[in-house]
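Data first, discussion second: the structure below is written as structure tokens.
Note on naming: letters A, B, ... go to the chains in the order of the sequence lines (proteins, then strands), and numbering restarts at 1 for each one.
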Amino acid sequence: MTDPLRLHVPEPTLRPGDSPDFSGVPIPKAGSVRRPPIDSDPEDIRDLAFTIIRVMDRKGLAVGDWAPDVDDDELRAGLRHMMLLREYDARMLTAQRQGKTSFYMQHLGEEAISCGFRRELVAGDMNFPTYRQAGLLIADDYPMLLMMNQVYSNEGDTVHGRQLPVFYSSKDHGFFSISGNLATQYPQAVGWAMASAIKGATNIAAAWIGDGSTAENDFHAGLVFASTYKAPVVLNIVNNQWAISTFQGIARGGSGTFAARGHGFGIPALRVDGNDYLAVRAVARWAAERARSNLGPTLIEYVTYRVAGHSTSDDPSAYRPEEEGSAWPLGDPILRLRDHLIAREAWSEERHTQAEAEIRAEVIATQKKAEAIGTLTSGRLPSPAHMFEDVFETPTPHLIRQRHEMGV
Amino acid sequence: MTDPLRLHVPEPTLRPGDSPDFSGVPIPKAGSVRRPPIDSDPEDIRDLAFTIIRVMDRKGLAVGDWAPDVDDDELRAGLRHMMLLREYDARMLTAQRQGKTSFYMQHLGEEAISCGFRRELVAGDMNFPTYRQAGLLIADDYPMLLMMNQVYSNEGDTVHGRQLPVFYSSKDHGFFSISGNLATQYPQAVGWAMASAIKGATNIAAAWIGDGSTAENDFHAGLVFASTYKAPVVLNIVNNQWAISTFQGIARGGSGTFAARGHGFGIPALRVDGNDYLAVRAVARWAAERARSNLGPTLIEYVTYRVAGHSTSDDPSAYRPEEEGSAWPLGDPILRLRDHLIAREAWSEERHTQAEAEIRAEVIATQKKAEAIGTLTSGRLPSPAHMFEDVFETPTPHLIRQRHEMGV
Amino acid sequence: MAHMTMIEAIREAHDIAMARDDRVVVFGEDVGFFGGVFRCTAGLQKKFGATRCFDTPISELGIVGTAIGMAANDIRPVVEIQFADYMYPAYDQLVSEAARLRYRSAGEFTCPMVVRMPTGGGIFGAQTHSQSPEALFTHVAGLKTVVPSTPADAKGLLLAAIEDPDPVIFLEPKRIYNGPFDGHHDRPLVGWKKHELGDVPEGHTPVPLGKAMLRSHGEDLTIVTYGTMVHVALGVVTDAGLSADVIDLRTLVPLDIDSVVASVKRTGRCLVLHEATLTSGFGAELTAQVQEECFYHLEAPVKRVAGWDTPYPHAGEWDYFPGPERVLRNIEALLEA
Amino acid sequence: MAHMTMIEAIREAHDIAMARDDRVVVFGEDVGFFGGVFRCTAGLQKKFGATRCFDTPISELGIVGTAIGMAANDIRPVVEIQFADYMYPAYDQLVSEAARLRYRSAGEFTCPMVVRMPTGGGIFGAQTHSQSPEALFTHVAGLKTVVPSTPADAKGLLLAAIEDPDPVIFLEPKRIYNGPFDGHHDRPLVGWKKHELGDVPEGHTPVPLGKAMLRSHGEDLTIVTYGTMVHVALGVVTDAGLSADVIDLRTLVPLDIDSVVASVKRTGRCLVLHEATLTSGFGAELTAQVQEECFYHLEAPVKRVAGWDTPYPHAGEWDYFPGPERVLRNIEALLEA
Ligand SMILES: Cc1ncc(C[n+]2csc(CCOP(=O)(O)OP(=O)(O)O)c2C)c(N)n1
Ligand SMILES: Cc1ncc(C[n+]2csc(CCOP(=O)(O)OP(=O)(O)O)c2C)c(N)n1
Ligand SMILES: [Mg+2]
Ligand SMILES: [Mg+2]
């Protein structure tokens with residue numbers, strides 16, 4: 001009892017120079033986790049927060065209770081969304097490196113989550129995304145030109161160059177304006193969902209957060225209010241193993257998983273293979289149905305891996321082994337869905353190669369259009385007059401004076 | 001699926017006019033809950049967050065694994081602390097009603113928690129209390145005169161009349177300066193404990209919060225940091241069933257108990273009968289030992305009932321049945337400890353009556369001394385010069401100028 | 001017209017707004033069943049049901065955060081922060097989110113919401129029930145800030161705030177909830193019901209944001225103030241027989257600087273008065289604008305009288321509060337300068 | 001003396017403070033293993049161990065809240081908030097707790113702690129990587145606020161801040177981490193290593209808080225500023241061949257108003273310059289004090305040049321930023337007034 005105390009500072013097991021090793025990460029077999037009814041008592045399904053719900057097995061077959069009913073066309077659409085997102089990322093990353101914009105953030109390895117989730121919502125539902133869910137737009141057929149215009153902050157940017165690249169906004173596509181402040185939109189999603197319930201509407205909301213950001217205040221506020229008012233909201237946590245340079249153990253602390261956070265609030269929690277497109281759709285469907293049936297919130301932890309740097313400002317080789325991304329045991333979401341489609345004879349290697357080429361051409365064509373409008377460093381930029389608009393609906397006399405002073 | 005959504009707003013089952021009824025509150029038999037080793041895996045003792053650890057049975061006997069080894073003298077001291085606190089409360093309440101100070105907050109029914117807990121800490125440990133743990137001072141023999149001086153904001157007040165009544169501060173007695181902002185001191189307690197570990201010291205910290213205040217951000221921050229750094233801290237939640245007019249269901253939402261909040265963080269959680277002095281000491285001892293052994297934090301929920309109004313500004317008859325306090329099934333902590341002492345033949349009705357009279361006389365005598373110094377509305381008040389001190393260690397030129405302007 | 005307290009006026013504004021517009025929803029700590037610790041929302045839950053007026057967990061962040069989400073989903077939340085001193089946990093949501101949502105999304109998402117909070121000292125509430133944080137809002141582009149000083153304004157400005165398409169911070173000077181406190185704490189308070197300023201027009205009578213009100217008309221100086229200090233200023237002017245304009249700003253953002261400038265150009269002397277700590281208080285902004293606009297008309301520097309730059313003390317309430325004596329002393333100095 | 005960047009100077013201050021005093025402990029988001037997103041704490045964990053320099057969860061509240069508890073337990077925390085724009089979740093802990101702990105407990109508990117945060121714009125960081133929230137600290141009694149503008153000051157003021165017995169907010173203008181940006185974004189930046197102001201004295205060389213520094217000496221006007229804008233002001237003065245005092249405040253609280261007053265009394269004209277939004281910015285406080293102290297010496301109203309009262313835009317960075325052109329235009333008007 002009189003030994004001196006010591007501070008425990010969690011450390012990832014591997015740092016640059018070490019060989020990646022995920023043998024310690026238990027990966028349940030696809031199809032092995034049961035699918036309980038949506039009105040289950042959270043206490044009865046606690047185990048689902050400590051496992052990983054997986055649908056596609058090694059052979060690419062969809063197995064087990066969670067295998068969702070999704071037809072070939074829809075699956076091919078899903079594959080296309082993910083491929084579009086990956087190509088888009090690649091082009092925008094290069095554009096940033098070429099100095100055409102200030103900043104970019106990729107989804108590499110995480111495409112299944114936002115692309116899959118979006119397809120289980122309906123028009124009028126609202127996502128409160130972070131900066132790593134552009135798949136929500138792509139899978140809802142939001143024009144990629146508008147996304148590029150936003151990244152370039154050019155005259156075609158619907159938010160007039162006001163926001164950092166990738167901070168999209170589209171009400172029509174159920175995509176809430178992104179904030180740069182982590183986690184702030186978690187309670188907003190809950191409030192949006194509460195409003196739906198107050199109005200007696202049928203639309204639901206989805207909140208999004210990263211593993212690291214669950215440490216923020218707003219995550220707690222979101223859970224408290226969702227739990228108290230049984231808000232019709234899906235509470236998503238994307239656990240891509242890393243914040244910026246900080247591994248998930250710093251945010252997670254002593255709890256086994258992030259999904260477990262829900263248990264303190266009586267919120268049912270699912271933990272899912274985030275690189276398994278079918279599993280993502282299955283859990284999204286389960287949670288959305290719960291919300292729409294007035295059964296309240298569901299917490300979902302997507303287990304995935306951030307293959308790329310945090311953003312274009314980051315160099316992950318400084319803090320983790322370089323090959324960790326390729327060693328990640330849950331594989332690549334695009335290749336896995338491709339293999340599944342091939343296994344169900346709805347796709348082929350050739351069609352895939354061809355699709356890659358088509359998608360590349362399509363994205364390049366769109367990029368040309370966007371750049372013809374302008375990039376942050378050339379072309380047609382938003383008028384400075386926009387700077388003084390939308391502070392309030394009607395500008396105050398004070399703002400009008402400043403605008404005149406600016407001469408615009 | 002297309003039914004309109006509805007907002008769920010939790011409501012207490014009873015409101016003014018209803019007859020109190022606690023038959024729905026499950027109360028396990030004293031002695032029925034096992035006492036696990038302090039290094040148990042939190043997952044293996046989850047059940048302890050959903051029960052109530054109780055030691056004293058109906059006959060006043062201490063039963064079961066949790067019955068702590070506390071000798072007669074120490075128990076009589078505990079009884080005396082609680083009686084002192086209750087008498088102190090009664091006198092200060094009256095003093096406030098008489099206009100001698102602006103505000104007061106009672107502990108009625110909750111005396112066992114702070115009085116019992118304090119005795120399981122040692123000199124150099126630090127409590128981060130709320131406004132309802134004055135027992136931490138009394139059970140550590142802090143001079144009651146100083147407490148009264150603080151309540152009266154008179155010249156003898158060690159904090160120079162700067163703080164609202166009951167916002168005591170005593171470093172020597174391990175009682176951190178009280179803030180009026182709910183929950184802010186939870187992460188501070190964790191930080192204090194982390195400092196102890198950083199220094200390789202042996203002292204631990206204890207954080208305090210009310211049921212209602214667990215909804216605040218700071219509660220989450222405290223849990224996150226305590227979980228991550230395995231801080232040597234005891235995380236206390238006093239669940240007295242009510243915030244101000246709001247019953248605990250509003251803060252607790254869908255989780256069964258407040259103790260369950262710990263599970264989302266891998267923090268072992270105990271739920272205890274807060275009106276059972278012996279049970280309080282037993283769980284405090286368990287948690288303090290864990291912390292001191294570098295095993296990290298423990299969350300404790302004390303189940304009790306706020307018999308009095310929230311503060312002198314509150315009238316509970318507006319929002320709950322009047323007799324709820326007397327119907328509370330866990331009884332009165334003073335009477336229960338008295339009965340236990342009588343059952344173990346270390347006390348008697350007569351000694352109790354006599355002690356009551358002595359304590360009353362003692363408190364009255366102290367009160368006279370305090371009032372001889374002054375009350376908020378008469379007598380010797382702190383000099384206005386104090387207003388400009390302690391903003392910084394060394395006053396800035398600016399503050400010196402303001403002080404001159406004030407002419408003090 | 002009916003005489004009522006500021007609390008009753010605020011309640012009536014809620015009642016009218018909720019009856020006129022189903023989208024108006026009221027929530028906060030203790031505001032539901034109990035009707036708020038100051039009773040400003042009493043009766044609303046009973047009348048409109050728990051879906052339109054409800055209690056919340058003690059989380060100012062949660063209250064404001066969910067309100068923002070609701071506002072974006074066509075609800076008009078009117079939320080109460082129990083004391084302005086407790087708004088800090090919600091500050092991030094206000095500054096980073098509510099204030100910038102319209103801007104960020106180019107008007108696609110908006111945040112029509114009112115955040116009410118009792119503010120100011122004079123009730124022996126010490127550091128955590130006395131603060132006047134208005135300057136922390138006025139510095140934030142995208143927030144409007146309102147401080148009424150009479151029941152009629154409380155009602156009318158609150159109605160206007162609820163109908164405003166943007167987020168409005170509505171600061172209620174709690175010391176004048178029941179009557180116009182003139183700073184003489186040793187004299188009995190005249191309640192609103194017996195005071196000429198206690199008259200409140202009936203029905204739906206919004207008072208537009210951004211218009212100051214001249215509460216006293218005079219020649220020798222201009223006192224620019226708001227909230228409780230309006231009444232302290234009026235008391236001093238009356239008691240000392242001064243000839244002064246007393247301008248009640250009512251709204252700090254948008255600011256009716258034109259009214260202030262017109263007055264100061266006429267009187268040549270300006271005293272700025274508030275309860276909040278002096279340094280970086282809203283008085284600094286007022287002073288900066290007045291000296292810029294009226295420089296060639298000023299006969300003396302603009303003088304600020306405000307709370308000292310210390311936390312708000314308990315026993316020293318009346319030493320801290322910028323009461324009549326301090327105000328008069330400074331006015332005398334200003335008139336002599 | 002050695003030339004170094006501001007980042008290196010900050011790192012060196014940490015290193016010296018940690019070596020001199022075991023109680024100095026450094027933490028924040030990404031500050032441990034990685035050494036901070038701006039690399040200001042690089043190498044410290046390696047040298048002093050993970051108990052003295054560590055990564056934290058992403059919770060600014062938790063960072064500041066635990067730091068306060070540590071400070072009360074005889075540790076000297078120096079914490080980093082990754083960007084000043086992210087300090088709001090910690091604002092309650094700063095305002096309600098750190099700032100008032102000494103006062104509340106009459107000195108029984110104190111809070112010697114430094115909260116560092118990169119501040120200001122000019123890096124295309126848009127609304128959430130560009131803010132200058134200094135006025136939100138200067139309004140709070142009990143906080144000191146520091147803004148260095150050179151590597152030597154960054155090092156010296158940080159050392160003094162760490163040794164200060166009270167909480168200090170340490171704002172690091174990120175635009176000048178690598179060199180003194182004069183606002184001409186189209187010209188190449190001269191790095192600190194090649195700049196005369198890049199010289200940093202060796203060893204333990206604290207610079208006392210509360211003393212301004214005259215960066216340029218002249219007759220026609222006084223420019224009062226701090227941080228990045230010091231270099232913009234110096235650039236304008238040089239380029240336009242003006243005769244001006246440029247006062248670098250270095251510390252906003254405590255404020256060296258005497259240096260400002262002495263200068264303005266001599267020049268008769270004063271321009272106050274900052275990046276933060278104009279309304280209720282720290283410039284308002286400076287203006288209020290200058291007009292009060294120098295009224296009879298002023299030949300024109302004090303003029304403020306600041307960020308517009310809008311959120312900080314992305315594409316419009318240089319329209320928003322109060323760059324050389326806007327500064328010069330206002331100086332010309334001021335000199336003609
Ligand atoms: C309130 C706040 N604090 C800090 C940051 C800086 N920051 C931006 S992203 C990030 C890491 C987030 O990690 P995680 O939540 O895991 O999301 P991921 O990037 O992995 O998707 C940090 C610290 C911020 N944007 N907002
Ligand atoms: C941040 C903050 N919000 C609101 C309040 C007002 N307030 C004071 S006590 C209280 C209720 C607290 O209830 P609980 O945590 O259950 O503690 P109890 O009074 O029951 O001991 C409230 C809402 C406050 N002091 N601080
Ligand atoms: Mg992550
Ligand atoms: Mg309670």
Side-chain angles (χ1 to χ4, degrees), chain B residues 126 128 157-160 162-163 167-172 176-181 183-201 203 205 207 216-218 220-229 231 233 386-387 389-399, chain D residues 22-23 25 27 51-52 54-77 89-90 92-93 95-112 141-144 164-167 209-210 251 253-258 289:
Chain B
M126 186 59 70
F128 288 74
D157 173 11
T158 58
V159 297
H160 307 317
R162 290 183 189 139
Q163 285 263 66
F167 287 18
Y168 317 104
S169 172
S170 174
K171 193 168 192 170
D172 285 349
F176 195 75
S177 157
I178 295 182
S179 171
N181 299 68
T184 43
Q185 296 181 285
Y186 231 65
Q188 294 169 14
V190 175
W192 197 99
M194 287 170 70
S196 214
I198 289 169
K199 292 189 286 187
N203 285 116
E216 286 286 7
N217 318 341
D218 309 75
H220 180 68
L223 260 57
V224 170
F225 278 65
S227 174
T228 294
Y229 301 107
V233 62
H386 284 306
M387 197 162 56
E389 287 158 10
D390 295 326
V391 180
F392 299 105
E393 187 184 77
T394 310
T396 58
H398 185 72
L399 278 165
Chain D
D22 274 355
R23 299 172 308 167
V25 168
F27 55 99
T51 302
R52 305 266 317 274
F54 53 89
D55 290 320
T56 63
I58 304 174
S59 167
E60 292 75 13
L61 190 171
I63 293 167
V64 174
T66 54
I68 293 170
M70 286 183 206
N73 193 5
D74 206 25
I75 287 290
R76 297 271 185 158
D92 189 31
Q93 286 285 344
V95 174
S96 308
E97 301 294 321
R100 290 194 227 131
L101 184 55
R102 177 188 292 280
Y103 197 79
R104 249 170 42 199
S105 68
E108 196 167 48
F109 296 98
T110 60
C111 192
L143 296 181
K144 296 182 178 171
D164 197 272
D166 288 300
L209 307 188
T251 309
V253 175
L255 178 68
D256 184 359
I257 189 67
D258 294 347
Q289 291 199 32

Can you tell me how far the [atom1] atom of [X] sits from the [atom2] atom of [Y], to the nearest 0.5 Å?
X        : Y        : atom1 : atom2 : value
B:Thr394 : D:Asp166 : OG1   : CG    : 7.5 Å
B:Lys171 : D:Thr110 : NZ    : OG1   : 6.0 Å
B:Ser179 : D:Arg104 : OG    : CZ    : 4.5 Å
B:Gln185 : D:Gln93  : CD    : CD    : 8.5 Å
B:Ile198 : D:Phe54  : CD1   : CZ    : 4.5 Å

With a 3.5 Å distance limit and no angle check, can you tell me whether B:Lys199 reaches the backbone of D:Asp74 through a side-chain donor-acceptor pair?
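Pair absent, no side-chain N/O of B:Lys199 close to backbone of D:Asp74.
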
So which part of [X] gets closer than 4.5 Å to some heavy atom of chain B, the side chain, the backbone, both or neither?
X        : value
D:Val253 : side chain
D:Pro165 : side chain
D:Gln289 : side chain
D:Ala67  : neither
D:Leu143 : backbone

In sequence, state the C-alpha distance, the side-chain angles, and the governing distance for D:Glu97 and B:Asn181, and then conclude on side chain to side chain contact (heavy atoms under 4.5 Å, CB included).
CA-CA 9 Å; D:Glu97 301 294 321; B:Asn181 299 68; 4.1 Å; yes

Sort out for me which of D:Lys144, D:Arg23, D:Arg52, D:Arg100 touches chain B most, counting heavy-atom pairs under 4.5 Å.
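Of D:Lys144, D:Arg23, D:Arg52, D:Arg100, D:Lys144 has the most heavy-atom pairs under 4.5 Å with chain B.
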
Under 4.5 Å, counting heavy-atom pairs only, tell me which of D:Gly210, D:Ser96, D:Ala99, D:Pro112 racks up the most with chain B.
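Result: the option with the highest number of such pairs is D:Ser96.
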
For B:Met194 and D:Phe27: C-alpha separation, side-chain torsions, deciding distance, then whether side chain to side chain contact (heavy atoms under 4.5 Å, CB included) applies.
CA-CA 12 Å; B:Met194 287 170 70; D:Phe27 55 99; 5.9 Å; no

Shortest non-hydrogen contact from B:Phe225 to D:Ile63?
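Smallest heavy-atom distance, with atoms named: CZ-N, 3.6 Å.
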
At their closest point, which heavy atom of D:Ala106 faces which heavy atom of B:Asp390, and how far apart are they?
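Closest heavy-atom pair between D:Ala106 and B:Asp390: CA-OD2, 3.4 Å.
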
Assess whether side chain to side chain contact (heavy atoms under 4.5 Å, CB included) is satisfied between B:Phe176 and D:Asn73, documenting all intermediate values.
CA-CA 11 Å; B:Phe176 195 75; D:Asn73 193 5; over 6 Å; no

Kindly indicate whether a cation-pi arrangement holds for B:Arg162 with D:Tyr103, taking the cut-offs as under 6.0 Å to the six-membered ring centre and within 45° of the axis.
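Verdict for D:Tyr103: a cation-pi partner in B:Arg162.
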
Under 3.5 Å, is there a donor-acceptor pair between the D:Glu108 and B:Ser177 side chains?
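Their side chains do not contain a donor-acceptor pair, so the 3.5 Å distance test is not met.
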
